[in-house]
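Each chain gets a letter, A, B and so on, in the order its sequence line appears, and its residues count up from 1. Please read these numbers as outputs of a predicted model, since none were measured by experiment.
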There are 2 protein chains.
Amino acid sequence: MPDTQDLLFRTLADPTRRAIFERLCRQGEQTVGALTSQSGVSQPAVSKHLGLLKQAGLVRDRHEGRQTHYSAQLGALAPLMDWTREMAGFWESRFDDLEDLLKRMDQ
Amino acid sequence: MPDTQDLLFRTLADPTRRAIFERLCRQGEQTVGALTSQSGVSQPAVSKHLGLLKQAGLVRDRHEGRQTHYSAQLGALAPLMDWTREMAGFWESRFDDLEDLLKRMDQ
DNA sequence: CGAACATATATCTGTGTGGTTATACGTCAA
DNA sequence: TTGACGTATAACCACACAGATATATGTTCG
């Protein structure tokens, strides 16, 4: 069972899938057909990508007649932002430590 | 030729590789041996991961005698933060648009 | 020099997964 | 009900790639 960050990174690692997600972010809710027409891959491939995006919590689906509308769930990106900030934070704290050390050495 | 974001996402998608990078972020510069001892995979595997991390600009290497020291290059995470912010930005702007629409409808 | 060590490269293998086509499932219109 | 449509699922294939083992490259020490 992969943790949330792993699932997010793995899900967004594929260019086609990420492009679909980006499109949903930029242009809002879209049907599978609309997404397929600009994806460069077949409709089943798009459905599969959407399934994985949904599994990662990155999209919602809404059924309306025979169409399915998908939309981005931006909240799902939070763990990614947290992770990035955390990594940057570790770096900065180590940098501060170094700075302190240099200051003490300077005395 | 993959763009920077694609390379970043793909590089960080692997759990073993991401763990190595995290360790370098948390604990600073490490030798290949030190990284190997806690990675759960073989030394060649670690070397290969470090090679990919380096290719993505996420780590630097410094040779000292027969050891190689690796350290995290946090600047390389910037495109990732930019992308995340961009996606969140699109979402917010669409939210603002909706708000505007509702306001106009309210009049 | 030769041996132990640290890391990198070579080669191979198994598997995960993105892609396809074919088909099933649900919905709307006639 | 029949047929067209929109989407999802099934079955299959090809390929990328993470991992292993074996070996090469380079370094320190005796």
Side-chain angles (χ1 to χ4, degrees), chain A residues 1-3 5-24 27-73, chain B residues 1-3 5-24 27-73:
Chain A
M1 57 189 117
D3 62 282
Q5 282 159 6
D6 194 57
L7 190 58
L8 276 181
F9 272 113
R10 278 216 329 259
T11 303
L12 292 171
D14 181 75
T16 306
R17 193 156 52 230
R18 199 169 60 253
I20 291 175
F21 178 69
E22 283 193 32
R23 197 164 137 81
L24 288 175
Q27 308 180 16
E29 197 181 67
Q30 307 268 328
T31 67
V32 176
L35 292 169
T36 299
S37 68
Q38 295 217 355
S39 68
V41 296
S42 66
Q43 173 266 311
V46 172
S47 276
K48 204 148 70 169
H49 284 305
L50 288 168
L52 292 174
L53 286 168
K54 184 180 171 184
Q55 201 177 321
L58 287 163
V59 301
R60 281 182 74 245
D61 60 344
R62 178 175 69 81
H63 298 278
E64 185 179 320
R66 42 187 170 182
Q67 321 204 68
T68 310
H69 298 256
Y70 282 87
S71 54
Q73 286 286 95
Chain B
M1 58 192 116
D3 61 281
Q5 283 160 4
D6 195 57
L7 191 57
L8 275 181
F9 272 113
R10 277 216 328 257
T11 303
L12 292 171
D14 181 75
T16 305
R17 192 155 53 229
R18 198 169 60 254
I20 291 174
F21 178 69
E22 283 193 32
R23 195 163 139 83
L24 289 174
Q27 308 181 15
E29 197 181 69
Q30 308 267 329
T31 67
V32 177
L35 292 169
T36 299
S37 68
Q38 295 217 356
S39 68
V41 297
S42 65
Q43 173 267 312
V46 172
S47 275
K48 202 150 73 170
H49 284 305
L50 288 168
L52 292 174
L53 285 169
K54 183 179 172 185
Q55 201 177 320
L58 287 163
V59 301
R60 280 182 74 245
D61 60 343
R62 178 175 70 80
H63 297 277
E64 184 180 320
R66 40 185 171 182
Q67 321 204 66
T68 311
H69 298 257
Y70 282 87
S71 54
Q73 285 286 95

Along DNA chain C, 5' to 3', what are the outermost nucleotides having an atom less than 4.0 Å from a heavy atom of chain B? C:dA4 to C:dT9

Close approaches to DNA chain C from residues 13-21 of chain B, in residue order (heavy atom, under 4.0 Å):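 Contacting residues: none.
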
Using a 4.0 Å cut-off on heavy atoms, which residues in residues 54-61 of chain A reach DNA chain C? List them by number, or say none. none

How does each nucleotide of nucleotides 25-30 of chain D score, in 5' to 3' order, for protein heavy atoms under 4.0 Å: base (B), sugar-phosphate only (S), or none (-)? -BBS--

Over all heavy atoms of both residues, which pair between [X] and [Y] is shortest? Give the atoms and the distance, please.
X: A:Gly28; Y: A:Gln30; answer: O-CG, 3.1 Å
X: B:Thr11; Y: B:Ala56; answer: OG1-CB, 3.5 Å
X: A:Thr36; Y: A:Val41; answer: CG2-O, 3.8 Å

Side-chain N or O of B:Ser42 less than 4.0 angstrom from OP1 or OP2 on D:dA20? yes

A:Tyr70 vs D:dG6: side-chain N/O to OP1/OP2 distance below 4.0 Å: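 Checking A:Tyr70 against D:dG6: no side-chain N or O falls below 4.0 Å of OP1 or OP2.
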
Using a cut-off of 4.0 Å on non-hydrogen atoms, how would the nucleic acid contact of [X] be classed: base, sugar-phosphate, or nothing?
X: A:His49; answer: sugar-phosphate
X: B:Gln67; answer: sugar-phosphate
X: A:Ala45; answer: base
X: B:Leu52; answer: sugar-phosphate

Distance in angstrom units between [X] [atom1] and [N] [atom2], rounded:
X: B:Gln43; N: D:dG19; atom1: CD; atom2: C1'; result: 13 Å
X: A:Lys48; N: D:dA11; atom1: NZ; atom2: P; result: 12 Å
X: A:Gln30; N: D:dG6; atom1: CD; atom2: P; result: 16 Å

Listing request: all salt bridge (Lys or Arg N to Asp or Glu O under 4.0 Å) pairs with a residue in residues 11-20 of chain B, at least two apart in sequence or in separate chains. A:Asp6-B:Arg18

Pairs meeting criterion salt bridge (Lys or Arg N to Asp or Glu O under 4.0 Å) with involvement of residues 32-51 of chain B, two or more places apart: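 Of all non-adjacent pairs touching residues 32-51 of chain B, none passes salt bridge (Lys or Arg N to Asp or Glu O under 4.0 Å).
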
Applying side-chain contact (heavy atoms from CB on, under 4.5 Å) to A:Asp61 and A:Leu50, what does each step give before you reach the verdict? CA-CA 9 Å; A:Asp61 60 344; A:Leu50 288 168; over 6 Å; no

Each base of DNA chain D marked ( ) or [ ] if paired in-strand (Watson-Crick or G-U under 3.5 Å), | if paired to another strand and . if unpaired gives ||||||||||||||||||||||||||||||

Once side-chain contact (heavy atoms from CB on, under 4.5 Å) is applied, do any residues pair with B:Gln55, and if so which ones, sequence neighbours excluded?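 Once residues adjacent in sequence are excluded, the partners of B:Gln55 under the side-chain contact (heavy atoms from CB on, under 4.5 Å) criterion are B:Leu52.
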
Using the test side-chain contact (heavy atoms from CB on, under 4.5 Å), find all partners of B:Gln67 that sit at least two apart in sequence or belong to another chain. B:Thr31, B:His69

Rounded to the nearest 0.5 Å, how far does CZ of A:Phe21 lie from CG of A:Leu12?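 One finds 6.5 Å between CG of A:Leu12 and CZ of A:Phe21.
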
First locate atom CZ of B:Arg10, then atom CD of B:Gln5, and finally report the distance between them rounded to the nearest 0.5 Å.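 Reported to 0.5 Å precision, the distance equals 13.0 Å.
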
Using heavy atoms and a sub-4.0 Å distance, could you list which residues of residues 31-40 of chain B are near DNA chain D? By number, please. none

For A:Ser47, what residues pass the side-chain hydrogen bond (donor to acceptor under 3.5 Å, both in side chains) criterion, not counting sequence neighbours?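 With sequence neighbours excluded, A:Ser47 shows a side-chain hydrogen bond (donor to acceptor under 3.5 Å, both in side chains) to A:Gln43, given in chain and number order.
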
Start with the C-alpha gap between B:His63 and B:Thr68, add the side-chain angles, then the distance that decides, and say whether side-chain contact (heavy atoms from CB on, under 4.5 Å) holds. CA-CA 5 Å; B:His63 297 277; B:Thr68 311; 3.4 Å; yes

Check the pair B:Leu58, B:Leu8 against side-chain contact (heavy atoms from CB on, under 4.5 Å), reporting the backbone distance first and the verdict last. CA-CA 8 Å; B:Leu58 287 163; B:Leu8 275 181; 3.8 Å; yes

Other residues, nucleotides and ligands only: do more than 12 of their heavy atoms fall within 6.0 Å of CZ on A:Arg60?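 Check fails, neighbour count at 12 or below.
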
Please enumerate all residues that pass salt bridge (Lys or Arg N to Asp or Glu O under 4.0 Å) together with B:Arg62, with sequence neighbours excluded.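 So B:Arg62 forms a salt bridge (Lys or Arg N to Asp or Glu O under 4.0 Å) with B:Glu29, B:Glu64.
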
